[in-house]
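This chain uses plain numbering: 1 for the first residue, then up along the sequence. Excluded from the calculations below are hydrogen atoms, water molecules and symmetry mates; all remaining heavy atoms, backbone and side chain alike, are included.
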Amino acid sequence: MLSPRRSDGDINHKEFPFLVLDANSIISTSTPPFTVSTHRGFLPISDPPFTLPPPFAPLESLLCRMPIVTIDGTPGLLSSGKLGETVENELPDLSGEVEKFKGDAGIMNAIYRDYSFLLSAYLLEPCHQRFVRGEGYGLGRQRLPVVIAKPMVKVAEIAGFKPFMEYAGSYALYNYRLEDPSFGLAYSNLRLVRAFEQGLNPSSSEAGFVFVHIAMVSHSGLLISGAVEALNGALTSNRIRFDTGMEDLLTALKKINQVMDTMWNKSKPNGYNTFRTFIFGITSQSMFPNGVVYEGVSEEPMSFRGESGANDSMIPLCDNLLQIKMPDTPLTEILQDFRQYRPGNHREFLQAVKDHSEKASVRQFALEYPTSAELYLRALDYVREFRWRHWCFTREYILKFSKHPTATGGSPIVTWLPNQLQAVLALMVQVEPYCSNASVSASDSPGVKDIQEIMDLVRSQQVTLTKEVAKYSAERGGAPSVRTS
Ligand code: HEM
């Protein structure tokens, strides 16, 4: 059982102080693209630039010729394994140009995105060649030439990212353009700016993989406003505000999960592993046992985690708001390490939510009243659904096709997602008794599960997950050793 809430005298009545932008906020070219807002959520505050300033024409030219299938359908440099030598023969060191554009945060982010694509393709090209021949990944290139390393380190520092491909700043959330700007973020209107494999074709699995992430995050504005309202309700002991915020949070999570479920059709399980090769990181990957030397920057090898949805901010927002405590394991240290791979403003926002949720004892506040407790349990149920679907994705897209022991972000493929999922399931079992006699109106709506139904599923998933993890671990010879950074 959960401990009793602290006395009213201890409650800090101050509202959540973090500045969250809205549609009326004034933004300028120096506003960091990834600034949290209630109208764009965790998406960039403006759509990403998709062409680079003229001095970067050599980079642009290489990136257009790079994908396995280029925009006109012809084979590109990665298909013939010619990218590496073309970079070495053609690309000048443009690091001197980077600083000239530093007043424009959007352009900086676009330059960062584009170098990160070239960097990953360069390092992992030999692994792709082996993978398509049906061999293991083998080793990637262990040295990054100065013409990529120097500008990348410079632009990443200015834009506030690691000098390696990241989920938000590069691969997923800053990698789209709108076919017709007047149609906005409609799924059919999305096109990739950069791709490794066939992603310039919008109906490919690579494009679908990225677009589903974007489409989900396009609903995160309501998630953010709902979370802030619920937090303010708890901080000011205003039950109506808390419940209203939680209702909005539930509406947003329902939509986000519905969009997530479209992944099965938009990006096929048997189409995932070919482009996946290029989004691996350095940390905990057999392709880079000693890290990678960034020539012209340092002879000391560097190591970064790969691109992963684990660096998305929606689930961490729920974890922090709902005070979902993760077990004290090395696997949880990886979850914490992933935090470094988010845009600065996302990081600060998530930390502020965590701090203020603790200050307001959000979980205890919810459990004091059955209706709020039910809303809280339903929110946990959506987080459970998200994480359970994830486990299913991992089974169907990865475990069925690959023996590689670590995911793109460097977490152990079999045990990491279950580490967090089991924590959510266990918390739901703890929370259930607080919901007795609850009568949230939404529970009368068609399609809304009652508490009993939710908890039956929770108990069966606890058992199934334990069995599946044991089975996969036995088949694959146990979990790989865990490196946290
Ligand atoms: C085919 C689809 C997907 C597959 C195969 C997949 C796979 C994975 C894997 C293997 C991890 C482990 C972390 C690591 O990379 O080391 C992970 C984590 C994660 N992914 Fe995905 N993912 C998919 C789609 C998505 C989508 C659409 C989102 C939406 C934002 C997402 C968000 C996340 C989150 C939040 C985590 C961390 C989970 C946690 O905290 O428990 N993923 N994913």
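Here the straight-line distance linking atom CE of Met165 with atom CG of Leu123 works out to 11.0 Å at 0.5 Å rounding. Considering CD of Glu468 and CG of Leu399, their distance stands at 9.5 Å, rounded to 0.5 Å. Note: Gln285 CD to Cys127 SG = 9.5 Å, rounded to the nearest 0.5 Å. Of the inter-residue distances, the one linking Leu77 atom CG with Leu62 atom CG reads 7.0 Å to the nearest 0.5 angstrom. The CG atom of Leu94 sits 10.0 Å away from the CG atom of Leu52 when rounded to the nearest 0.5 Å. Here CG of Leu222 is found 11.0 Å from CD of Glu229. Values are rounded to the nearest 0.5 Å.
Within the structure, salt bridge (charged side-chain N to carboxylate O under 4.0 Å, His left out) contacts touching residues 310-322 (residues at least two apart or in different chains) are Asp319-Arg387. Within the structure, no pair that satisfies the side-chain hydrogen bond (donor to acceptor under 3.5 Å, both in side chains) test touches residues 207-225, not counting sequence neighbours. Legend: side-chain hydrogen bond (donor to acceptor under 3.5 Å, both in side chains) pairs involving residues 457-466, not counting sequence neighbours, sorted by first then second residue: Arg384-Gln461, Gln422-Thr466, Glu432-Arg459.
Considering all non-hydrogen atoms of both residues, Ala360 and Leu235 come closest at CB-CD2, 3.7 Å. Closest of all the heavy-atom pairs between Asn345 and Val36 is OD1-N, 2.7 Å. Nearest approach of Val193 to Asn175, heavy atoms of both residues: N-OD1, 3.1 Å. Contact detail for Met326 and Ala423: the closest heavy-atom pair is SD-CB, 3.7 Å. Taking all atoms of both residues into account, the shortest heavy-atom contact from Ser205 to Ser267 is O-OG, 2.7 Å. Residues Val217 and Leu173 approach most closely at CG2-CD2, 4.0 Å, considering heavy atoms.
Annotation: Tyr272 is not in aromatic contact with Phe401 [ring centroid separation under 6.0 Å not met]. A centroid separation of 6.0 Å or more is found between the aromatic rings of Tyr137 and His128. Taking the centre of each ring, Phe304 and Tyr341 stay at or above the 6.0 Å mark.
The pair Lys266-Asp261 does not meet the salt-bridge criterion, since no charged nitrogen lies less than 4.0 angstrom from a carboxylate oxygen. In summary, Arg194 and Asp114 engage in a salt bridge, as defined by a charged side-chain N under 4.0 Å from a carboxylate O.
Annotation: Glu157, atom CD; neighbour count of heavy atoms from other residues, nucleotides and ligands within 6.0 Å does not exceed 12. Residue Lys150 places its NZ atom among 12 or fewer non-hydrogen atoms of other residues, nucleotides or ligands, all under 6.0 Å distant.
Between the side chain of Arg130 and the backbone N or O of Gly136 there is no donor-acceptor pair closer than 3.5 Å. When atom types are taken as modelled, the side chain of Ser473 and the backbone of Val469 share a donor-acceptor pair closer than 3.5 angstrom. Of the possible polar contacts, none joining the Asn273 side chain to the Ser402 backbone as a donor-acceptor pair under 3.5 Å is found. For Thr394 (side chain) and His390 (main-chain N/O), a donor-acceptor pair under 3.5 Å exists by modelled atom type. For Ser357 (side chain) and Val362 (main-chain N/O), no donor-acceptor pair under 3.5 Å exists by modelled atom type. No donor-acceptor pair under 3.5 Å is formed between the side chain of Glu99 and the backbone N or O of Glu97. Side-chain atoms of Arg347 come within 3.5 Å of backbone atoms of Arg342 as a donor-acceptor pair (strictly under, hydrogens ignored). The closest donor-acceptor contact from the side chain of Asn109 to the backbone of Pro48 lies at 3.5 Å or more, if one exists at all. Judged purely by atom type and a 3.5 angstrom limit, His356 uses its side chain to pair as donor or acceptor with the backbone of Ala352.
Applying the side chain to side chain donor-acceptor pair (under 3.5 Å) test to Ser37 and every residue at least two apart in sequence or in another chain returns His39. Applying the ring pair (Phe, Tyr, Trp, His ring centres under 6.0 Å) rule to Phe242 yields the partners Phe365; only residues at least two apart in sequence or on another chain are considered.
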Original post:
Can you check ring pair (Phe, Tyr, Trp, His ring centres under 6.0 Å) on Tyr174 and Tyr112, steps first, answer last?
Top reply: CA-CA 10 Å; Tyr174 216 65; Tyr112 160 75; 8.9 Å; no
**OP:** Could you walk me through whether Phe209 and Phe275 pass the ring pair (Phe, Tyr, Trp, His ring centres under 6.0 Å) test, one step at a time?
**Re:** CA-CA 10 Å; Phe209 180 71; Phe275 64 85; 5.6 Å; yes
Original post:
Does the ring pair (Phe, Tyr, Trp, His ring centres under 6.0 Å) test come out yes or no for Phe117 and Phe196, once each step is laid out?
Top reply: CA-CA 8 Å; Phe117 265 84; Phe196 292 112; 4.8 Å; yes
**OP:** Given ring pair (Phe, Tyr, Trp, His ring centres under 6.0 Å), test Trp264 with Tyr397 step by step and report yes or no.
**Re:** CA-CA 9 Å; Trp264 302 107; Tyr397 286 74; 5.6 Å; yes
**OP:** Starting from the C-alpha separation in whole Å, work towards a yes-or-no answer on salt bridge (charged side-chain N to carboxylate O under 4.0 Å, His left out) for Arg40 and Asp47.
**Re:** CA-CA 10 Å; Arg40 302 273 304 182; Asp47 295 324; 2.9 Å; yes
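The side-chain heavy atoms of Trp388 and Leu465, taken from C-beta on, include a pair separated by under 4.5 Å. The side-chain heavy atoms of Val431 and Met428, taken from C-beta on, include no pair separated by under 4.5 Å. Using a 4.5 Å cut-off on side-chain heavy atoms (C-beta onward), Leu322 and Arg363 make no contact. Ser286 is not listed as a side-chain neighbour of Phe280, based on a closest heavy-atom distance of 4.5 Å or more. In this structure, the side chains of Met287 and Leu139 stay at 4.5 Å or more apart for every pair of heavy atoms. Taking the side chain as every heavy atom from C-beta outward, Pro67 and Leu78 never approach each other to under 4.5 Å. Inter-residue side-chain proximity for Glu307 and Ser116 is flagged as unmet; no heavy-atom pair is nearer than 4.5 Å. Looking at Thr408 and Phe278, their side chains never come closer than 4.5 Å, going by heavy atoms from C-beta outward.
For the side-chain hydrogen bond (donor to acceptor under 3.5 Å, both in side chains) with Gln340, the qualifying choice from Glu166, Lys162, Arg305 is Lys162, the only one to do so. A ring pair (Phe, Tyr, Trp, His ring centres under 6.0 Å) with Trp416 holds for exactly one of Phe338, Trp391, Tyr472; it is Phe338.
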Would you tabulate the side-chain donor-acceptor contacts of residues 288-298 under 3.5 Å, counting partners in other chains and residues two or more places apart, or write 'none'?
residue: Tyr294; atom: OH; partner: Pro163; partner atom: O; Å: 2.7
residue: Glu295; atom: OE2; partner: Arg143; partner atom: NE; Å: 2.7
residue: Ser298; atom: OG; partner: Glu300; partner atom: N; Å: 2.9

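For the 3.5 Å distance criterion, the side chains of Glu197 and Thr274 qualify, holding a donor opposite an acceptor. Counting only N and O atoms by type, the side chains of Thr332 and Asn419 include a donor and acceptor under 3.5 Å apart. A side-chain donor-acceptor contact under 3.5 Å links Thr283 and Ser303.
Geometrically, Arg141 engages Tyr122 in a cation-pi contact defined by less than 6.0 Å to the ring centre and at most 45° from the axis.
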